[in-house]
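Step one of this worksheet: look at the structure below.
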Amino acid sequence: MNGRPDFLEIKEEYARFRPEGEVSLEQAIGAVGEAIAFCHRQGIIRLLVDTTGLTGFAPPTIAQRFWIAQDWAEKARGSVAVGIVLTPEAVDPNKFEVTAAENAGQTANTFTSESEALEWLLQQKRT
């Protein structure tokens, strides 16, 4: 599992993961988790994830958001900041998953625009 995941592009200051296709929520969570783990192994400290190209599942519930945050935090091991671009209907206005990620030692944030996510991400420093 040391190979670069499909849809992952390595830039100078960050990596961008922009998966596409019809998948289940579990498949989407797993794909993002693989990209986070890859960045951790490679020493990449910033990951922009754009999920807007994924279809086939409903927005996650609050409980699912908690487990997603826990899973991704475990894979990042405190060393990968993740900015996540979501469709407007997938956004939790209270950003529950951001709080859950922070509580698990993960630096993460959600956005509806890639430019906002990238601006935030590039401000994140090595922890």
Side-chain angles (χ1 to χ4, degrees):
M1 243 179 59
N2 287 329
R4 187 172 69 190
D6 291 342
F7 305 107
L8 187 106
E9 177 182 10
I10 299 174
K11 302 283 199 174
E12 187 172 325
E13 296 184 66
Y14 66 100
R16 179 181 330 182
F17 184 57
R18 205 185 266 159
E20 297 177 358
E22 186 170 333
V23 297
S24 69
L25 179 60
E26 292 75 20
Q27 289 170 319
I29 294 166
V32 173
E34 286 178 23
I36 293 169
F38 174 84
C39 288
H40 169 72
R41 288 191 305 271
Q42 299 299 314
I44 298 168
I45 64 166
R46 296 179 197 94
L47 175 62
L48 177 69
V49 175
D50 184 344
T51 65
T52 61
L54 295 174
T55 61
F57 55 91
T61 65
I62 291 294
Q64 289 169 324
R65 290 173 195 270
F66 175 80
W67 292 113
I68 292 166
Q70 297 297 303
D71 180 59
W72 292 351
E74 181 181 316
K75 288 175 172 55
R77 299 185 183 186
S79 68
V80 183
V82 182
I84 306 165
V85 182
L86 302 168
T87 60
E89 58 273 4
V91 171
D92 175 13
N94 297 315
K95 294 198 174 199
F96 173 81
E97 62 275 10
V98 173
T99 301
E102 288 174 0
N103 290 340
Q106 169 71 37
T107 301
N109 207 343
T110 58
F111 303 88
T112 56
S113 99
E114 186 172 316
S115 61
E116 288 176 337
L118 184 57
E119 181 180 340
W120 173 85
L121 190 64
L122 291 176
Q123 295 173 12
Q124 306 310 304
K125 307 290 183 213
R126 185 175 296 279
T127 56

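Given the structure is predicted, the values throughout are model-derived calculations rather than measurements.
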In terms of hydrophobic clustering (I, L, V, M, F, W, Y; side-chain heavy atoms under 4.5 Å; direct or indirect links), are [X] and [Y] co-clustered?
| X | Y | answer |
| --- | --- | --- |
| I68 | F38 | yes |
| I36 | V98 | no |
| F7 | I29 | yes |
| V23 | V85 | no |

Measure from the side-chain N and O atoms of [X] to the backbone N and O of [Y], and report whether any donor-acceptor pair falls under 3.5 Å.
| X | Y | value |
| --- | --- | --- |
| R46 | E13 | yes |
| Q106 | V80 | yes |
| K11 | R16 | no |
| S24 | Q27 | yes |

Under 3.5 Å, side-chain donor or acceptor atoms of residues 56-67 against the rest of the protein: list the pairs with distances, not counting sequence neighbours.
from: T61; atom 1: OG1; to: Q64; atom 2: N; distance (Å): 3.1
from: T61; atom 1: OG1; to: Q64; atom 2: OE1; distance (Å): 3.3
from: Q64; atom 1: OE1; to: T61; atom 2: N; distance (Å): 2.8
from: R65; atom 1: NE; to: P60; atom 2: O; distance (Å): 3.2
from: R65; atom 1: NH1; to: A90; atom 2: O; distance (Å): 3.2
from: R65; atom 1: NH1; to: E97; atom 2: OE1; distance (Å): 3.3
from: R65; atom 1: NH2; to: P60; atom 2: O; distance (Å): 3.4
from: R65; atom 1: NH2; to: A90; atom 2: O; distance (Å): 2.9

Which heavy atom in [X] sits nearest to a heavy atom in [Y], and how many Å separate them?
| X | Y | answer |
| --- | --- | --- |
| T112 | P88 | CG2-CA, 4.1 Å |
| C39 | L47 | SG-CD1, 3.9 Å |
| V32 | V49 | CG2-CG1, 3.9 Å |
| F17 | P5 | CE1-CB, 4.3 Å |
| D50 | P19 | O-CD, 3.5 Å |
| L121 | L48 | CD2-N, 3.5 Å |

Inset, instruction - Could you tell me whether E20 and R18 have a side-chain N and a carboxylate O separated by less than 4.0 Å? - result: no

Inset, instruction - Any pair with a residue in residues 68-77 that passes salt bridge (charged side-chain N to carboxylate O under 4.0 Å, His left out), sequence neighbours left out, goes on the list, sorted by first then second residue, please. - result: D71-K75

Side chains of [X] and [Y] in contact at under 4.5 Å (non-hydrogen atoms):
| X | Y | answer |
| --- | --- | --- |
| E116 | W120 | no |
| I10 | Q42 | no |
| F111 | L118 | no |

Inset, instruction - With rounding to the nearest 0.5 Å, note down the distance linking OG1 in T110 to CD1 in I84. - result: 7.0 Å

Inset, instruction - Would you give the length of the straight line joining atom CG of L54 to atom CG of L25, rounded to the nearest 0.5 angstrom? - result: 10.0 Å

